[in-house]
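Everything quoted here is computed from the prediction, not taken from an experiment. Residue indices begin at 1 and follow the sequence shown.
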Amino acid sequence: NGGYYGAFDSDYQTALNGGINSNTTAPIVVTSTAGWPTTGALLINQEVISYTGISGNTFTGITRGIAGSTGATHANGAAVSFAQVAAANTPTTLVIDHTNLSSGVTLNASTHEVTIVNAGVYNCQFSVQTACADNAPDDIAVWFVVDGTAVPTSASYVTTQQIHAGELGTAIMTVNIFYQFTAGQRLTLKWVTLAGTSVITSYPSVASPAIPGSPAVILTVNQIG
């Protein structure tokens, strides 16, 4: 076979450069914002915080305690991850904007679309990490989209459990399909949160026990025929 492939993800992580209290909406200073989306949301411990801009190593336009979370105090050095958020029952394109490997399968980081340069049958697989800081569980669905049209019977659902014992409820979804692409078709993923309280987010590495970091989204596309 042609052996064309692509491996892509969304994985933004940094750390607080100075602690913040539970209700301040002052700009949030971190160690680095290099490459981060210019607007979006942050996950710090069990709180989701939105921002509308970036200036240097500072997130600006801060709104605290969104997506069912509660404002909290966060210490200097606390891990900060990018959180993909969406309004309840509103289909939203998943952010996929980093290329790890690519041969005949390319990513447009601005539109989050993967272009299949060469026709063929491809195995398309994704994993999505979810988190919920609300006091009730939330269901999400994720599906494949080709050239702006949902792929029939490609949606999958997962339940993100509610916050418990001070820890986020979490879930992971991993799905693959075989799909016959024509040359130049574009693939992306969409998702919906039924309650608006699930976020899709990276998890930072852990020093003890040693656990590597986990990207929010991983998408691989491999030609099989």
Side-chain angles (χ1 to χ4, degrees), residues 8-87 92-100 107 109-110 112 127-135 160 162-172 191 193 196-219:
F8 315 98
D9 66 34
S10 176
D11 184 23
Y12 293 99
Q13 299 182 32
T14 185
L16 286 180
N17 186 4
I20 59 174
N21 66 29
S22 61
N23 57 15
T24 180
T25 56
I28 294 175
V29 183
V30 295
T31 56
S32 175
T33 61
W36 280 64
T38 54
T39 63
L42 314 171
L43 178 66
I44 308 176
N45 297 317
Q46 289 77 42
E47 183 183 3
V48 185
I49 302 169
S50 69
Y51 67 94
T52 60
I54 293 176
S55 177
N57 287 335
T58 301
F59 294 104
T60 60
I62 299 300
T63 301
R64 302 293 300 271
I66 69 168
S69 67
T70 301
T73 298
H74 306 292
N76 178 45
V80 179
S81 300
F82 180 68
Q84 299 189 39
V85 300
T92 302
T93 300
L94 273 176
V95 173
I96 305 170
D97 54 7
H98 177 252
T99 299
N100 294 297
L107 172 68
S110 298
H112 317 302
S127 67
V128 169
Q129 295 275 1
T130 73
C132 180
D134 194 41
N135 290 318
T160 312
Q162 68 269 34
I163 195 168
H164 53 280
E167 297 295 331
L168 293 170
T170 62
I172 186 169
W191 73 295
T193 161
T197 54
S198 285
V199 301
I200 295 174
T201 187
S202 300
Y203 293 106
S205 59
V206 177
S208 181
I211 303 173
S214 176
V217 183
I218 298 173
L219 173 65

Please report the interatomic distance [atom1]([X]) to [atom2]([Y]), rounded to the nearest 0.5 Å.
X      : Y      : atom1 : atom2 : result
Ile200 : Ile172 : CD1   : CD1   : 11.5 Å
Asp11  : Ser214 : CG    : OG    : 7.5 Å
Gln84  : Ser202 : CD    : OG    : 8.5 Å
Ile66  : Tyr51  : CD1   : OH    : 11.0 Å
His164 : Cys132 : NE2   : SG    : 10.5 Å

Minimum heavy-atom distance [X]-[Y], with the two atoms named:
X      : Y      : result
Thr60  : Ile54  : OG1-N, 3.9 Å
Leu168 : Ala133 : CD2-CB, 3.6 Å
Ser198 : Thr193 : N-OG1, 3.7 Å
Val199 : Ala67  : CG1-CB, 4.0 Å

For Phe82, ring-ring contact (aromatic ring centres under 6.0 Å, His included) partners two or more places apart: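 Expected list: Tyr12.
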Candidate pair Asn57 and Asn17, rule side-chain contact (heavy atoms from CB on, under 4.5 Å), full reasoning: CA-CA 9 Å; Asn57 287 335; Asn17 186 4; over 6 Å; no
side-chain contact (heavy atoms from CB on, under 4.5 Å) partners for [X], two or more places apart:
X      : value
Ser22  : Thr73
Thr70  : none
Asn100 : Ala7, Asp9, His98
Thr92  : Ala86, Thr90, Trp191

Any Thr63 side-chain heavy atom under 4.5 Å of Thr25 side chain: no
What I'd like to find out is whether the side chain of Ile28 reaches to under 4.5 Å of the side chain of Leu16, using heavy atoms alone.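 Touching, per the 4.5 Å side-chain cut-off.
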Does [X] have any side chain to side chain donor-acceptor pair (under 3.5 Å) partners at least two apart in sequence or in another chain, and if so, which?
X      : value
Ser69  : none
Ser127 : none
Thr201 : none
Ser81  : none

N/O donor-acceptor pair under 3.5 Å between [X] side chain and [Y] backbone:
X      : Y      : answer
Thr130 : Ala171 : yes
His112 : Ile96  : yes
Gln13  : Tyr203 : yes

Regarding Thr31 and Thr14, do their side chains bring together a donor and an acceptor under 3.5 Å, going by distance alone? yes
Could you list all the salt bridge (Lys or Arg N to Asp or Glu O under 4.0 Å) pairs where at least one residue sits in residues 24-45, not counting sequence neighbours?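 Applying salt bridge (Lys or Arg N to Asp or Glu O under 4.0 Å) to every pair that reaches into residues 24-45, excluding sequence neighbours, yields nothing.
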Which pairs, with at least one residue in residues 205-216 and sequence neighbours excluded, count as a salt bridge (Lys or Arg N to Asp or Glu O under 4.0 Å)? none
Only distances under 3.5 Å count here; give the side-chain donor-acceptor pairs of residues 36-50 to other protein atoms, sequence neighbours excluded, each with its distance to 0.1 Å.
residue : atom : partner : partner atom : Å
Asn45   : ND2  : His74   : ND1          : 2.9
Gln46   : NE2  : Gly166  : O            : 3.4
Glu47   : OE1  : Arg64   : NH2          : 2.8
Glu47   : OE1  : Ala72   : N            : 3.1
Glu47   : OE1  : His74   : NE2          : 2.7
Glu47   : OE2  : Arg64   : NE           : 2.8
Glu47   : OE2  : Arg64   : NH2          : 3.3
Glu47   : OE2  : Gly65   : N            : 3.1

